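Within every chain, numbering begins at 1; the chains are lettered A, B, ... in the order of the sequence lines, protein sequences first and strands thereafter. Here the structure is a predicted model, which means the values were calculated and not measured.
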2 protein chains.
Amino acid sequence: MTTRTAAERRADARTSHLTRVADCPTNRLLERIGEKWVSLVLKELADGPRRYGDLARTIASASPKMLTQTLRRLERDGLLSRTVTPAVPVRVEYALTPLGQSLMPVLYALSGWAERNIEQVEAARRSYDVAQRSSS
Amino acid sequence: MTTRTAAERRADARTSHLTRVADCPTNRLLERIGEKWVSLVLKELADGPRRYGDLARTIASASPKMLTQTLRRLERDGLLSRTVTPAVPVRVEYALTPLGQSLMPVLYALSGWAERNIEQVEAARRSYDVAQRSSS
DNA sequence: CAGCATCCCTTGAGATACTG
DNA sequence: CAGTATCTCAAGGGATGCTG
């Protein structure tokens, strides 16, 4: 003789599913590499270590705040390392860790798909938008 | 005899770089599959076509609003198709297009990396957080 | 059944200015 | 050089209620 309503059971199902989604490794990875500047930083570091200023110049549209935030998060995840050389002026170098390097093939696979299929996606968007316009 | 200051040139560099980033196929793909519910929907449809209600039950923590929004965007990108069968009640079926199917191997590669390395990432985060706490 | 409309709140992210 | 601090705004996303 349960006193739980159907609505309550649905709410619980949502909560428990939400927890599982938050725990899913795939989602956690996508949250990180889906961030605006992450893929650019990783690709830049794939060619070798870079100093903060180098990254800031190469990824010119990222503000210092966003660049730093991106680098810190990737460092926290163990994907890159941050090395401070105490000199005047200080020298800070970022480099991929082995873990970060192991991610690169996956990222390149993604880039490859994107470049091969972007034209088809664009075309789909155009035709979808046209259909919407005429049906509204 | 240019009258442009260094600051103006930096601002222009930012703007032009920002345009290139927005145009980059990799970033455009990551923006889409980085959305909260996209990977779950794609994986669900990988097993075959699903009705709206099926998806809503399986992906229980997504609200109707977010589920619909996700499905519409993926349809617009040409990754999945939406088929309405006019009956009472109506029946709406979603299925991966060939383009959508071609993306799945890439998504699975990503999942594979995530599952193999999540433990290492978690460990990195814990040790980073401990180091931060003790240095503050 | 398969949504749409509305309200609301949190988070992401840009601009600007300042510092060890 | 390599950041930090603060402010602000827009977008993402959730809750709720209604509909052809």
inquiry  = Nearest to the side chain of Val92(A), heavy atoms from C-beta on, is which of dG12(D), dG3(D), dC1(C)?
reply    = dG3(D)

inquiry  = Rounding to an integer number of Å, can you tell me how far Arg91(B) CZ sits from dA2(C) P?
reply    = 8 Å

ask   = Which of the following nucleotides, dG14(D), dG20(C), dA13(C), is nearest to the side chain of Val90(A)?
value = dG20(C)

task = With the side chain of Thr68(B) defined as its heavy atoms from C-beta on, choose the nearest nucleotide among dA2(D), dC4(C), dG3(D).
result = dC4(C)

message = Please report the distance, rounded to the nearest Å, between CD in Glu31(B) and P in dG13(D).
response = 12 Å

query = Rounding to a whole Å, what distance do you find between Ile59(A):CD1 and dG3(D):P?
reply = 13 Å

key: Nearest-nucleotide comparison on DNA chain D, the residue closer to the 5′ end among Pro64(A) and Ser61(B)   = Pro64(A)

query = Is any side-chain heavy atom of Val41(A) closer than 4.5 Å to a side-chain heavy atom of Leu67(A)?
reply = yes

request  = Using a cut-off of strictly less than 4.0 Å, decide whether Tyr94(B) has a side-chain nitrogen or oxygen near OP1 or OP2 of dG3(C).
outcome  = yes

remark   = note: Met66(B), atom CE; dA5(C), atom P; distance rounded to Å ~ 16 Å

message = Whole angstroms only, please: what is the CZ-C1' distance between Arg50(B) and dC1(C)?
response = 18 Å

inquiry  = It should be established whether Arg72(A) places a side-chain nitrogen or oxygen under 4.0 Å from OP1 or OP2 of nucleotide dT4(D).
reply    = yes

Phosphate OP1/OP2 of dG3(C) contacted by Arg82(B) side-chain N/O (<4.0 Å) = yes

inquiry  = Test side-chain hydrogen bond (donor to acceptor under 3.5 Å, both in side chains) on Tyr94(A) and Arg50(A); report intermediate values, then the result.
reply    = CA-CA 5 Å; Tyr94(A) 293 91; Arg50(A) 292 280 184 280; over 6 Å; no

inquiry  = How many whole angstroms separate atom CG of Leu40(A) from atom P of dA13(C)?
reply    = 12 Å

query = Got a second to check how far Ser81(B)'s OG is from Leu96(B)'s CG, nearest 0.5 Å?
reply = 8.0 Å

query = Which of these nucleotides, dG14(D), dC1(C), dC7(D), is closest to any side-chain atom of Lys65(A)?
reply = dC7(D)

Nearest listed nucleotide, side chain of Pro89(B), among dA2(C), dC1(C), dG3(D) = dC1(C)

request  = Return the value, rounded to whole Å, for the distance between atom CD of Glu35(A) and atom C1' of dG12(D).
outcome  = 14 Å

Toward the 5' end of DNA chain C, by each residue's nearest nucleotide, Arg14(B) or Glu93(B) = Glu93(B)

remark   = Comparing Leu18(A) with Arg51(A), nearest DNA chain D nucleotide closer to 5' gives the residue Arg51(A)

ask   = Between the main-chain N or O of Ser102(A) and the side-chain N or O of Trp113(B), is there a donor-acceptor pair closer than 3.5 Å?
value = yes

query = Do Ser16(B) and Arg20(B) pass the side-chain hydrogen bond (donor to acceptor under 3.5 Å, both in side chains) test, and can you show the C-alpha distance, the side-chain angles, and the key distance before you say yes or no?
reply = CA-CA 6 Å; Ser16(B) 108; Arg20(B) 289 202 309 280; 3.2 Å; yes

key: Nearest-angstrom distance from the residue atom NZ of Lys36(B) to C1' of dA11(D)   = 14 Å

